[in-house]
Amino acid sequence: MTNQEIAKTFWRLADLMEIKGDNPFKINSFRKAARVLENITEDIESICQEGRLQKVPGIGKGIAERISQLVNTGQCQDYEELKKTIPSGLLEVLSIPEVGPKTVQLVWKKLNITTLNQLEEAVKKHKLRDLFRMGEKTEKNILRGIEFLSRRKGRLLLGDAYPLAEQVVNALKGHPQVQKISPAGSLRRYKETIGDIDILVTSSHPQEVMDTFVALPQVKEVLARGPTKSSVLTNLNIQMDLRVVEKESFGAALQYFTGSKEHNIKLREMARGKGLKISEYGVFKGEKKKVAGGEEEEVYAALNLPWIPPELRENLGEIEAAKGGRLPQLVELSELKGDLHIHSNFSDGACSLLELVEKAKKKGYQYIAVTDHSQSLKIANGLSEERLLKQIEEIKKINKRLFNFKILSGAEVDIKADGSLDYPDEVLRRLDLVAAAVHLGFKQTKEAMTERIIKAMRNENVDVIAHPTGRLINQRDEYKLDLERLFEVAKETKTALEINAYPERLDLRDIHCKRAKEYGVKLTISTDAHQESQLDFIKYGVATARRGWLEKEDILNTKDVEELLRWLKGR
DNA sequence: GCCGTTTTCGGCCCGACTGTTTTCAGTCG
């Protein structure tokens, strides 16, 4: 059973218990555990077999026992029992926004509703009106929630949400009554997908700012409008909340609304122990005495902590690291000297070599590696050996004319099903940088896929494994792969692993980056750009690296060009 | 169910907004 499957069981178990009306703290502990399990890169099955489960924070005797059942029998007893008593359609009903466990139970027990369709029908026939605390507005909210669910597939990609937030922030920045402004929430933490967008401003005239906000062209519908908070639905079908706070509370509010929830809960628990109380208005001692609030740094300082970068705020060890003075010096966008995975119009890219160089120079880079597809990837116009050699010659010519900039000849070489590569070694040897990747035959067993990629890594010409897990967010799961083994061999063979910055990929993902670093593996951050504007995706790759605790020295393309070439040759 | 430089028992983050209410429950983040 995979880690994600085990975690999912606990999420569902918690939902079922909630519908049943079980102890909320118990439910919470299952959700906490589910989240911890999702963020483990090691196989939970092995942790279980080695008896190390209870060493994982949030997992005690009870949950360890349930995991052990899942691993050994594929089932967990109380989950199976709950499934028998609670109709499975109610889980979908529970997923409707504004419909919580109490409402689910009410319509189930009073109206015998067990599916989303039944609920929709009942609402339309006004059957909910007779129930306690159910009126016209609630009817409308439920119908809107159902429509929202049917339209939305998963969370929005960071690469879609970020530009939208940027537009809105820039529009409001120009407003004369706006003083400070910042995005908050998962967007500020650069999570790979975004559930809704939070924006925070300070203003002495909140009303006017709200007026401007709800009238923006990106707004499709106004959902709520209070004096300090407005919610709208944007044209990308994602909710956006604007909050106006006092200048004296901006830091506390920013800290609070940036989250994550788990990070904040941990901080509040710490604050409690020190006789402090943290809210979005500030840090308070005793009843009313405010000790911090204007700046985010003050909030952390009140707990004797250094400021923690938003990308780390997931309660995955960052608070303990901050306490012990062990926070990493996270890699910065400005430290990148080049992009090592780009497609040109030789294969399926849109731009010529020169156009790519122009854009890269504008970004302040010293080099790019052009890595077009190899011959067997016909659908992407992969380069035959002959065309690749031609490209190498062309790049040599261009390099002679360039000043303070270098194109590296590269390729994104297919790793075939048997682990062999799509060009012979004598061709690969002529390239500055070889990125190897899997594009076909995803359905192999875990063992076969692991051996396939390891075989490629053992080819001394291969420098980088591109998008190592092959996932496409919201579209395709990663292929089955023993990542721990991959990290081991990457370290041993000095093969770098890529952080692919393309918003659908972000592969390796954050938690894998962290684990790779623990093995001492080097990484690259590259865009996989197919047109020049996509070179700007690099920020999402840097954010992923930062979420994975990576520092400058972990990333190959923070090196100068000579240093990088020396590293590539010296492997 | 988990956890412990106040605790192995008794807590478990905190507040806004909405809708349906004459004082608050439910939901959300």
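The figures that follow rest on heavy atoms only: side chains count, while hydrogens, waters and symmetry mates do not. Here is the naming used below: chain letters follow the sequence lines, and residue numbers restart at 1 for every chain.
Taking only side-chain atoms of A:F25, from C-beta outward, the nucleotide of B:dG1, B:dC14, B:dG26 with the closest atom is B:dG1. Across B:dC2, B:dC13, B:dG29, the shortest atom-to-atom separation from the side chain of A:I63 is found for B:dC2. Of the listed nucleotides (B:dT27, B:dG1, B:dC14), B:dT27 has the atom at the smallest distance from the side chain of A:T103. For A:A224, the side-chain atoms get nearest to B:dC17 when compared with the rest of B:dC13, B:dG29, B:dC17.
The partner of B:dG4 is B:dC9, by the rule that a Watson-Crick or G-U pair needs both atom distances under 3.5 Å.
Taking atom P in both B:dC13 and B:dC3, one finds a spacing of 14 Å when rounded to whole Å. As rounded to the nearest Å, B:dT8 and B:dG4 have P atoms that lie 13 Å from one another. Separation of the C1' atoms belonging to B:dC9 and B:dG15 is 29 Å when rounded to the nearest angstrom. Of the P atoms belonging to B:dC28 and B:dT23, the separation is 26 Å, rounded to the nearest Å. Comparing the C1' positions of B:dA25 and B:dT20 gives an interatomic distance of 9 Å, to the nearest angstrom. One C1' atom belongs to B:dC17, the other to B:dT21, and the distance between them is 14 Å to the nearest Å. On the C1' atoms, B:dG11 is 9 Å away from B:dT7, given to the nearest whole Å.
A:L267 comes within 4.0 angstrom of no nucleic acid atom, judged by non-hydrogen atoms across all strands. Within the 4.0 angstrom heavy-atom criterion, no nucleotide atom of any strand lies near A:K32. Here A:K261 lies in heavy-atom contact (under 4.0 Å) with a base. Residue-level contact check: A:R243 touches neither bases nor backbone, having no heavy atom under 4.0 Å from any strand. Counting any heavy atom pair closer than 4.0 Å across all strands shown, A:I27 reaches no nucleic acid atom. Counting non-hydrogen atoms under 4.0 angstrom, A:P24 reaches nothing in the nucleic acid. Across all strands shown, A:S231 has no heavy atoms under 4.0 Å from either base or sugar-phosphate atoms. In this structure, A:N141 reaches the sugar-phosphate backbone alone: every heavy-atom distance under 4.0 Å involves primed, P, OP1 or OP2 atoms, never a base.
The interatomic distance linking A:Q54 (CD) with B:dC3 (C1') rounds to 12 Å, in whole Å. Rounding to whole angstrom units, NZ of residue A:K102 and P of B:dC28 are separated by 13 Å. Remark: P of B:dC3 and CG of A:N315 are 12 Å apart, rounded to the nearest angstrom. Distance A:R313 CZ to B:dG29 C1': 16 Å, rounded to the nearest Å. Atoms CG (A:L242) and C1' (B:dC17) sit 15 Å apart, rounded to a whole Å. Rounded to whole angstrom, the span from the CZ atom of A:R144 across to the C1' atom of B:dG19 amounts to 13 Å. To the nearest angstrom, P of B:dG1 lies 9 Å from CG of A:D22. With rounding to whole Å, A:E280 atom CD is found 9 Å from B:dC17 atom P.
Around NZ of A:K127, the count of heavy atoms belonging to other residues, nucleotides or ligands within 6.0 Å does not exceed 12. Under a cut-off of 6.0 angstrom, the local environment of CD in A:E139 is crowded, with over 12 non-hydrogen atoms contributed by other residues, nucleotides or ligands.
Proximity of A:Y162 to A:Y190: side-chain heavy atoms (C-beta onward) are separated by under 4.5 Å at one or more points.
Counting only N and O atoms by type, the side chains of A:Y502 and A:Q534 include a donor and acceptor under 3.5 Å apart. At a cut-off of 3.5 Å, with distance as the only test, a side-chain donor of A:Y519 or A:E484 sits close to an acceptor on the other residue. Looking at A:E65 and A:Q69, their side chains do bring a donor and an acceptor atom within 3.5 Å of each other.
Side-chain N/O atoms of A:S29 include none lying less than 4.0 angstrom from OP1 or OP2 on B:dC3. For the OP1/OP2 pair of B:dG15 and a distance below 4.0 Å, the side-chain nitrogens and oxygens of A:K277 include at least one atom meeting the criterion. One finds a side-chain N or O of A:R66 lying less than 4.0 angstrom from the OP1 or OP2 phosphate oxygen of B:dG1. For B:dA16, neither phosphate oxygen OP1 nor OP2 lies less than 4.0 angstrom from any side-chain nitrogen or oxygen of A:S279.
Mapped onto DNA chain B by nearest heavy atom, A:R272 and A:Y256 fall at different nucleotides, with A:R272 at the one closer to the 5' end. For A:P57 and A:I278, each mapped to the nucleotide of DNA chain B holding its nearest heavy atom, the one lying further toward the 5' end belongs to A:P57.
Using modelled atom types, one side-chain atom of A:N3 and one backbone atom of A:I40 make a donor-acceptor pair closer than 3.5 Å.
A:K514 pairs with exactly one of A:H512, A:K517, A:E518 by the side-chain contact (heavy atoms from CB on, under 4.5 Å) rule, that one being A:E518.
Under 3.5 Å, the side chain of A:Y281 and the base of B:dG15 form no donor-acceptor pair of N or O atoms.
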